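What you see below is based on every heavy atom in this structure, not just the backbone, and it leaves out hydrogens, waters and symmetry mates. What you see is a predicted model; the values in this text were computed from it and never measured. Residue numbers begin at 1 in each chain, while the letters A, B, ... track the order of the sequences.
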Amino acid sequence: MLAQIVGISFSVQQDEAFYIPCTHRYLGVPSQIELAKALALLKPVLEDPALPKVGQNIKYDWIVFERHGIKLNGIVFDTMLASYLINPSKRAHNLDQIALDFLDHKTITYEDLTGKKGKNAATFDTVPIEKATPYACEDADITLMACQILNEKLETLGLSKLFREVEMPLVSVLKGMEMNGVTVDKNKLHELSTTFDHQLKTIEQTIYELADESFNINSTQQLGKILFEKLGLPVQKKTKKKTGYSTDVEVLTTLAELHELPKLVLRNRTLSKLKSTYADALMELIHPETGRIHTSFNQTVTATGRLSSSDPNLQNIPIRTEEGKEIRKAFVPRPGWQMLSADYSQIELRILAHYSEDKILSKAFEEEEDIHTRTASEVFQVFPSFITEDLRRQAKIINFGIIYGMSPFGLAKSLNISQKMAKAYIDNYFGRYKGVKTFIERIIEETKQSGQSTTLLGRIRLLPEINSKNVNERKFAERTAINTPIQGTAADLIKVAMIQVENALKSQNMKTAMLLSVHDEMVFEVPPEEIDAATALIKDKMETVWDLNVPLKVNIEIGDNWAAAH
DNA sequence: GGTATCACG
DNA sequence: ACGTACGTGATACCC
């Protein structure tokens with residue numbers, strides 16, 4: 001594949017927020033080539049699209065180089081992404097793991113270099129060059145060797161097209177989003193943090209008075225003792241691992257009817273979550289140079305093909321409550337620009353309609369009906385015009401339950417009805433949506449046969465547990481077999497849409513920038529003169545991304561901040 | 001490092 | 001009889 005092999009390694013100060021390369025520095029370090037000189041030598045090679053390059057987690061290197069004036073071209077293969085497509089359920093897709101799994105080779109680990117691991121490990125710039133060199137060269141060597149093997153495996157598993165046309169092109173899109181970052185209003189976050197803090201102080205005092213002692217409210221252990229031993233409130237359930245009393249939101253909500261203290265603990269939980277996870281953490285992550293927040297979009301984490309976001313996670317910014325929305329209001333566009341949010345409407349239920357070819361479901365989407373009202377009408381046998389808000393709410397929960405492979409027990413719990421009633425609802429559902437029933441039966445049978453789930457674009461997830469003798473394990477796999485093709489296909493489609501939107505924006509030299517991807521939503525910042533063009537372009541590319549048996553629908557909203565664009 | 005909790009789709 | 005809706009990441013506590 002390559003005429004020449006060039007291995008490149010560089011030191012990166014890991015604890016710097018945004019990748020700062022540097023020379024090795026320690027007492028007695030030999031003289032090294034200057035950074036600028038090294039970069040100048042590498043530049044023509046790295047920028048030449050005719051020289052194909054292979055990398056491991058290439059997005060990382062891509063960002064480092066780009067921040068130093070080198071724009072990579074000719075990136076043809078990322079071993080991390082290949083390993084992920086071959087088995088997305090693996091815990092890690094790092095080079096050490098890949099070498100072990102595909103080359104049966106044990107690499108020199110970072111721990112071997114420094115003698116320490118985790119937080120105590122020395123940074124790479126302090127590793128002696130005579131140790132760093134074989135480590136770094138092995139990296140390049142292994143990457144290229146693994147590429148050959150992985151490429152053959154992709155071909156065998158029918159994953160090459162998905163790899164070449166979706167996952168590889170997506171790297172550049174994600175790189176752009178990460179580098180661009182997003183602005184948060186620091187003053188707004190600071191004000192929120194202060195407000196939350198004052199409220200927390202007051203609530204804490206009242207809780208201590210009610211408990212007649214002070215304790216750590218954030219400790220579930222201490223809280224359990226107060227609630228169930230000192231105050232003698234009724235125990236609702238144990239924790240998942242049975243280590244103690246559960247004090248989760250469900251339990252506290254029940255107890256709130258009996259006593260003032262649990263009600264205040266709920267309030268305390270909400271506020272301390274908003275303060276510590278969002279207001280305070282986001283302020284800390286504003287980059288000193290760019291003044292913006294740069295998340296990482298992880299392309300090899302989820303078992304279904306979705307992206308994940310970390311450091312910080314920008315895919316779980318609050319929206320459901322008014323106070324939570326205040327956090328979202330702090331996400332703002334560049335001065336004078338607008339925030340634009342483009343949301344796939346009911347993409348997972350549309351995919352279900354596509355796969356199942358269910359008559360009622362398909363017709364509902366073709367005629368742009370309200371899908372939850374339709375389900376309510378079918379399940380509860382009432383004309384749509386007579387469906388109340390509460391019936392619609394229940395139908396919405398049923399619709400979601402279908403996608404997750406719900407049981408009567410699960411539905412009963414989330415609707416707070418009897419299991420018998422829940423079973424009746426489910427029976428009604430499948431009696432009306434016959435295509436969905438057949439689809440679920442078929443998908444479970446197919447998964448049993450092949451031992452894996454497959455999405456519309458051919459992404460696979462191994463599910464050997466579907467043939468397990470252990471009932472729980474098998475049932476879990478059956479639910480996964482229902483959910484994965486749906487959630488995974490939605491992930492496939494939004495990835496393709498992201499690539500197409502980005503390409504279209506670029507080819508028209510537009511300034512509109514893609515900021516975030518949140519599973520069925522894309523967020524952009526748009527200069528005022530591009531609002532109309534961007535809206536049309538994004539809607540068109542997203543809705544026509546794939547020709548399904550039902551139409552795809554995208555809602556676009558615009559506002560001064562992310563909350564207003566909803 | 002494991003557990004419990006809670007934020008999102 | 002038995003556990004029970006899919007997929008994530010961050011925080012705090014506690015051993």
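Applying the 4.0 Å criterion to OP1 and OP2 of B:dG9, one finds that A:R306 has every side-chain N and O outside that range. Between A:S309 and the phosphate of C:dT8, there is no side-chain N or O to OP1/OP2 separation shorter than 4.0 Å. Between B:dT5 and A:S246, a contact under 4.0 Å exists linking OP1 or OP2 to a side-chain N or O. For the OP1/OP2 pair of B:dC6 and a distance below 4.0 Å, the side-chain nitrogens and oxygens of A:R269 include at least one atom meeting the criterion.
A side-chain donor-acceptor contact under 3.5 Å links A:Q199 and A:R267. Remark: the A:S308 side chain and the A:N298 side chain contain an N/O donor-acceptor pair separated by less than 3.5 Å. A donor atom on one side chain and an acceptor atom on the other are not found under 3.5 Å apart for A:T194 and A:D197.
Note on A:R474: nothing from the nucleic acid sits closer than 4.0 angstrom, heavy atoms only. Using a 4.0 Å heavy-atom cutoff across all strands shown, A:A490 reaches no nucleic acid atom at all. Residue-level contact check: A:T302 touches the backbone only, with heavy atoms under 4.0 Å from sugar-phosphate atoms and none from bases. No engagement by A:V471 is indicated, since no non-hydrogen atom pair under 4.0 Å with the nucleic acid exists. Using a 4.0 Å heavy-atom distance criterion, A:I317 is classed as a sugar-phosphate-only contact.
Residue A:N316 places a side-chain atom within donor-acceptor reach of the base of B:dA7, judged by atom type and a 3.5 Å distance cut-off alone. Contact annotation: side chain of A:S414 to base of C:dA5, donor-acceptor pair present below 3.5 Å. Judged by distance alone with a 3.5 Å cut-off, no donor-acceptor contact links the side chain of A:S308 to the base of C:dT8.
Under the Watson-Crick and G-U wobble criteria, each requiring two contacts below 3.5 Å, nucleotide C:dA1 is left unpaired.
Closest to the side chain of A:I397, out of C:dT8, C:dA5, C:dG9, is C:dA5. Closest contact between the side chain of A:S276 and the listed nucleotides C:dT11, C:dG7, B:dT3 involves C:dT11.
Across the protein-nucleic acid pair, A:N472 atom CG and C:dT4 atom P stand 7 Å apart, rounded to whole Å.
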